[in-house]
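Below: one structure, written as structure tokens.
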Amino acid sequence: MDERYDPKAIEPKWQKFWEASQLFKVEDDPEKEKYYLLEMFPYPSGNIHMGHVRNYTIGDVVARYKRMRGFNVLHPMGWDAFGMPAENAAIAHNSHPAKWTYTNIDSMRSQLKRLGFSYDWDREIATCSPEYYRWEQWLFLKMYQKGMAYRKESYVNWCDPCQTVLANEQVEAGACWRCSQPVRQKELWQWFFRITDYAEDLLTYCDKLPGWPEKVITMQKNWIGKSFGAEIRFPIEDTDEAISVFTTRQDTVCGATFMCLAPEHPLVLKLSEGKQQAVEVGQFIERISLQDRSARVIDSFEKEGVFTGAYCINPLTGKRMPVYTANFALMEYGTGAVMSVPAHDQRDFDFAKKYGLEIIVVVKPYDADLDEATMTEAFTGEGIMINSGQFNGMDSVNALDAIASFLEENDMGKKAVSFRLRDWGISRQRYWGAPIPIIYCNTCGVVPVPEEDLPILLPEDVDLLEGGRSPLPTLDYFLKVSCPDCGRPDAKRETDTMDTFVESSWYYERYCSPNYHQGMFDKKAVDYWMPVDQYIGGVEHAILHLLYSRYYTRVLNEFGLIHCKEPFTRLLTQGMVCKETVSCPEHGFLLPDEVDGSSEERRCKKCRQAIIVGRVEKMSKSKKNVVDPHILLEKYGADTTRLFCLFAAPPERDLEWSEQGVEGGYRFLNRVWRLASKWIDAIKTTSPFDGDIDQLGGKLRELFQKTHATVYKVTKDIEDRFHFNTAISAVMELVNMMYGIDPVNKSPHVNSVMRLAMESVALLLSPFVPHFAEELRETMGIKESIMLAKWPSFREDALVKDELVIVVQINGKLRSKFNIEIDTDETTLKALALDDERIQKMIKDKPVKNVIVVKNKLVNIVV
RNA sequence: GCCCGGGUGGCGGAAUAGGUAGACGCAAGGGACUUAAAAUCCCUCGAUACUAAGUAUCGUGCCAGUUCGAUUCUGGCCCCGGGCACCA
């Protein structure tokens, strides 16, 4: 055995072996219990970063562990390969997004292989391949037929210089993230998925996902945003029409003194038409529509509005209420109209003060009075009803239901619920995405592409345009098509592509039968594998990706394509990888190798100024606090890199980068290696001890017990809560104890007990550091690969301790302790404790009031 | 503003059906080995005080409470991180 631990030799050796023997390959096998383990697939940016390393290491540990427990484990990997960065990179390098993407995929695949992850690479998927997106287009057509996909005109963030729609997260302070030019709201025809149809179901099932983090569930619930209230009709003066509003505060309806409509509300123009206010209203609508919504929020938002010239009638009080259009009313929420109650809503209060509108208090606090003339802010709490006719004196909480019922009985409104969730706009005016399979015919209108014409291929022979504008509308051979219905030659294809979140909403289902050509899925395979038993990824996808996936799975379920509704049974959101930031007063953020000097006095290499140590933050290129996994692999190897990621913190917490920590992990592996080489000759041909525990004494007995206790502890830590850090520290303890056994020891069972301990160490470490474990086992003469090995079991009789420490407390404070045989009875313990020399001295003649005895634990004496 | 997390040594973190606070690792200090250094192995390592190789007191963000006993349970407060935010 080589005395030196040499990851550079070991790791490629086993990676080759695993690949050659196809040990990561998995087949459907109804005889075996399945376990589907999935990590969020990456965008192929070209390089894996520490976040990926951590995410995929955690996943690989679970995959390997579950395999050793006898599960048939599906552990796939693929690429979320469509998206804007590929287009930008292609423009910058005068290349093609496909070429750029596939080159990146190749390099990232080899990086992942270098880390020893046990993926079944035969199932690899790239979402940009026609073989993949053709089924997405197919499902789109199905959804279109059922009205689940529809087209409407709506406002989007639009950047003129870039000629494209921007997602909300691509708008920074009202400007385009790429060109820094102001973003405006533009009305465009867009395709939508009717996710709101499932709002109730998605919400209900939030409480049926016990394997999800509380935090993510809460975020999803908030995002769906169900609220209970009433829809109330306010008749418009001198017409037969009424304005319908949604409110959660119908208890305050008698305090409604004016009405606010969203600028986009269809009634706004109608009401002001022909009135003197018409011009002002028109200008207001124009101005507000140009404002970006996120910009409106950032500028601490000035509430403003204009009077439409019309009045409506409060159905309960008969009061005339001026109708305004106001910027804070949103067309997308409720009915696009707000009944304004200035006394009990802060926005309405501000608005009323600004425009001199009437304030009427209808709920007073339980213990005080409220005066409209002197109040400085709205009272939004609960209280006693006043100025509300028959409801006066009622608790406002009860009035909610009473008033809603009253409105319903008198045909003025009804109880209602409203959701914050909106339909999912999936159109993107970009090139690098899946084409939407729709044709527009001047005669027939919107015509779906016939199924047999799928896939609609994304043309590859294109010149990308400066600024990111999609070339598709300029490509006649793509654009111009004859209508599938009437055959006229002047029809046009849809040139928008689908949001990349559509691809990531079903990739995990495709993994079950990735090469199936007869349909989206092979039913047998998805029925066997789905749902995903454990999903692992970043919390940044807590809402969008996970919500879309839950929705899409419901759609697939409705079409009978899969049997389950919820795609992910358990979810683990791992923390971020962080590192301290370092900056120089002159040169800004510095990379680690732009800094010189000792740890006390670090300086900028360029200007010799003392550096500023900033906060510990998520690794990012802009903060320059990144560590390239490649360098770690070169210096320490994959096993050390994996070990550090697992040991430094439990998975759900943030991980703080530490060079010394990595060093510590490396040292540990070396330490195990040296221990093994010291013992190898003695234990190579010995079989592990499995005899009667009473044959052992002293340190060997202890080591035997410790070995089994470690198996127990590591199993529990992985099984119960994925706490790999404590699992690893348990193995470290075992190794420390093994160092306490002298190799020249001639006790009869020393070699077999050491053999048992050493084999256990290899097995227990194998999910974490698989190459190391393979090598260690091979060295011990074990032929079978770790991929086929069984997880070790522990012997109950070895877990029973011979004797234990009883703690003696006085008034709850530790004062003494003694060793005693296990299960000694309470009376003996009490007597021994009171007899204890130190205790005697402490008590002296103080009267003993009470003695609490806990068997096998402690004695507490109260004086 | 609302909703989630989280505050434990010099540092990362252990320990919660209430029962020895600080496992394991890092850093630091000491010793062994070495011509020397690195590596390695062994020991020490929460704070304070003292009659100092021992003992006492304090100590898990702060303040109360429940209890024989609280890092763990309850109430209030402070700080940090994250998410959402004109949602009627």
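In what follows, every chain begins at residue 1, and chains take the letters A, B, ... in the order their sequences are listed. These numbers come from a predicted model, not from an experiment.
- Nucleotides B:G18 and B:U74 place their P atoms 11 Å apart, quoted to the nearest Å.
- By the 4.0 Å N-to-carboxylate-O rule, A:Asp251 lies close enough to A:Arg249 to be salt-bridged with it.
- An anti orientation is assigned to B:G54, its glycosidic angle lying beyond 90° of 0.
- For B:A88, there is no paired base (Watson-Crick or G-U wobble, both distances below 3.5 Å).
- Residue contacts shown for A:Asn860 include a base, since a base heavy atom lies under 4.0 Å away.
- Comparing the same atom, P, in B:C63 and in B:A53 gives a spacing of 34 Å after rounding to whole Å.
- Side chain of A:Phe647, nearest nucleotide from B:A88, B:G19, B:C24: B:C24.
- Both distances falling under 3.5 Å, in either a Watson-Crick or a G-U wobble arrangement, occur for no nucleotide opposite B:U72.
- Atom CG of A:Leu675 is separated from atom P of B:C41 by 10 Å (rounded to the nearest Å).
- With no hydrogens or angles considered, no side-chain donor-acceptor pair links A:Tyr355 and A:Glu304 at under 3.5 Å.
- With contacts defined as side-chain heavy-atom distances shorter than 4.5 Å, the pair A:Ser244/A:Arg233 qualifies.
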Which pairs would a plain distance check flag for residues 222-229 of chain A, meaning a side-chain donor or acceptor within less than 3.5 Å of a matching protein atom at least two apart in sequence or in another chain?
{"unit_1": "A:Asn222", "atom_1": "ND2", "unit_2": "A:Thr218", "atom_2": "O", "d": "3.4"}
{"unit_1": "A:Lys226", "atom_1": "NZ", "unit_2": "A:Glu200", "atom_2": "OE1", "d": "3.1"}
{"unit_1": "A:Lys226", "atom_1": "NZ", "unit_2": "A:Glu200", "atom_2": "OE2", "d": "2.7"}
{"unit_1": "A:Ser227", "atom_1": "OG", "unit_2": "A:Tyr333", "atom_2": "OH", "d": "2.9"}

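- Under the 6.0 Å cut-off for aromatic ring centres, A:Phe351 and A:Phe328 qualify, their centroids lying closer than that.
- To the nearest angstrom, C1' of B:U20 lies 13 Å from CD1 of A:Ile839.
- When distances are taken from the side chain of A:Tyr739 to each of B:C42, B:C84, B:A88, the shortest belongs to B:C42.
- Out of B:C3, B:A14, B:A88, the shortest distance to the side chain of A:His723 is found at B:A14.
- The separation of B:C11 from B:U60, taken at their P atoms, amounts to 15 Å, rounded to a whole angstrom.
- An OP1 or OP2 oxygen of B:A14 is reached within less than 4.0 angstrom by a side-chain nitrogen or oxygen of A:Arg653.
- Among the protein residues, A:Lys817 comes within range of the nucleic acid bases, having at least one heavy atom under 4.0 Å from a base atom.
- Remark: B:U57 base-pairs with B:A47; criterion is Watson-Crick or G-U wobble with both hydrogen-bond distances under 3.5 Å.
- The C1' atoms of B:G75 and B:U57 are separated by 29 Å, rounded to the nearest whole Å.
- Of the candidate nucleotides B:C68, B:A85, B:G83, B:A85 has the atom nearest to the side chain of A:Arg420.
- Closest to the side chain of A:Ala648, out of B:G12, B:U20, B:A88, is B:G12.
- Across all strands, A:Asp348 comes closer than 4.0 Å to no nucleic acid atom at all (heavy-atom distances).
- Checked for salt-bridge contact, A:Lys855 and A:Asp825 miss the test: no charged N lies under 4.0 Å from a carboxylate O.
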Checklist outcome for this item: For nucleotides 48-57 of chain B, 5' to 3', base contacts (B), sugar-phosphate-only contacts (S) and non-contacts (-) with protein non-hydrogen atoms under 4.0 Å give -------SSS
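- In this structure, A:Phe644 has its ring center at least 6.0 angstrom away from the ring center of A:Tyr666.
- Taking the P atoms as reference points, B:U72 lies 24 Å from B:G81, given to the whole Å.
- Note: A:Phe647 and A:Phe768 fail the aromatic proximity criterion, with ring centroids not under 6.0 Å apart.
- Across all strands shown, A:Gln809 has heavy atoms under 4.0 Å from base atoms, whether or not it also approaches the sugar-phosphate.
- Between the P atom of B:G81 and the CG atom of A:Leu655 lies a distance of 19 Å, rounded to the nearest Å.
- The A:Glu656 side chain lies nearest to B:G12 when the options are B:G12, B:G25, B:G19.
- A donor-acceptor contact under 3.5 angstrom links the side-chain atoms of A:Arg422 to the base of B:C87.
- Listed nucleotides B:C87, B:U20, B:A85 differ in distance to A:Leu330; the shortest reach to its side chain belongs to B:C87.
- Taking atom C1' on both nucleotides, B:U8 is separated from B:U16 by 13 Å, rounded to a whole Å.
- Atom pair A:Tyr666:OH and B:U40:P shows a separation of 10 Å (rounding to whole Å applied).
- In this structure, A:Arg674 fails the cation-pi test against A:Tyr5, since its NZ or CZ atom is not both closer than 6.0 Å to the six-membered ring centre and inside 45 degrees of the ring normal.
- One finds a salt bridge joining A:Lys635 and A:Glu659 here, because a Lys/Arg side-chain nitrogen approaches an Asp/Glu carboxylate oxygen to under 4.0 Å.
- With a cut-off of 3.5 Å on both Watson-Crick or G-U wobble distances, the partner of B:A52 is given as none.
- Closest to the side chain of A:Leu814, from the set B:G19, B:C24, B:A21, is B:A21.
- A salt bridge links A:Asp207 to A:Lys221: at least one charged side-chain nitrogen sits closer than 4.0 Å to a carboxylate oxygen.
- Annotation: B:G25 and B:A14 have their P atoms spaced 15 Å apart (nearest Å).
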Extract from the structure each pairing of a protein N or O with an N or O of nucleotides 26-31 of chain B at less than 3.5 Å, listing the distance.
{"unit_1": "B:C26", "atom_1": "OP1", "unit_2": "A:Arg667", "atom_2": "NE", "d": "3.2"}
{"unit_1": "B:C26", "atom_1": "OP1", "unit_2": "A:Arg667", "atom_2": "NH2", "d": "2.7"}
{"unit_1": "B:A27", "atom_1": "OP2", "unit_2": "A:Arg667", "atom_2": "NH2", "d": "3.1"}

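- At a threshold of 4.0 angstrom between heavy atoms, the contacts of A:Phe668 with the nucleic acid are absent.
- In this structure, A:Asn811 and A:Asn725 both approach RNA chain B, and ranking their closest nucleotides by distance from the 5' end singles out A:Asn725.
- Figure legend. B:C2 is base-paired to B:G83; pairs are counted as Watson-Crick or G-U wobble with both atom distances under 3.5 Å.
- We find that A:Glu733 and A:Lys713 are not joined by a salt bridge, their nearest charged nitrogen and carboxylate oxygen being 4.0 Å or further apart.
- Taking a pair to require two hydrogen-bonding distances under 3.5 Å in either a Watson-Crick or a G-U wobble arrangement, B:U8 remains unpaired.
- For B:A21, there is no paired nucleotide, since no Watson-Crick or G-U wobble pair has both relevant distances below 3.5 Å.
- In summary, the aromatic rings of A:Trp424 and A:Phe501 are positioned with their centroids too far apart to meet the 6.0 Å limit.
- Distance CZ (A:Arg249) to P (B:A88): 11 Å, rounded to an integer number of Å.
- Residues A:Val862 and A:Gly336 both approach RNA chain B. Their nearest nucleotides, taken by heavy-atom distance, put A:Val862 toward the 5′ side.
- A:Ile543 places its CD1 atom 11 Å from the C1' atom of B:G82, with the value rounded to the nearest Å.
- Pairing for B:A14 is absent, with no Watson-Crick or G-U wobble pair whose two atom distances lie under 3.5 Å.
- Remark: side-chain polar atoms of A:His723 are not paired, donor with acceptor, to backbone N or O of A:Ile718 under 3.5 angstrom.
- As judged by a 4.0 angstrom heavy-atom cut-off over every strand, A:Pro650 is placed among residues touching the sugar-phosphate backbone only.
- B:G19 and B:U67 have their C1' atoms separated by 12 Å, with the value rounded to a whole Å.
- Note on A:Asn736: only backbone sugar-phosphate atoms sit closer than 4.0 angstrom, heavy atoms only; bases stay farther off.
- Between the P atom of B:A85 and the CE atom of A:Met219 lies a distance of 10 Å, rounded to the nearest Å.
- Between A:Lys849 atom NZ and B:C68 atom P there is a gap of 11 Å when expressed in whole angstrom units.
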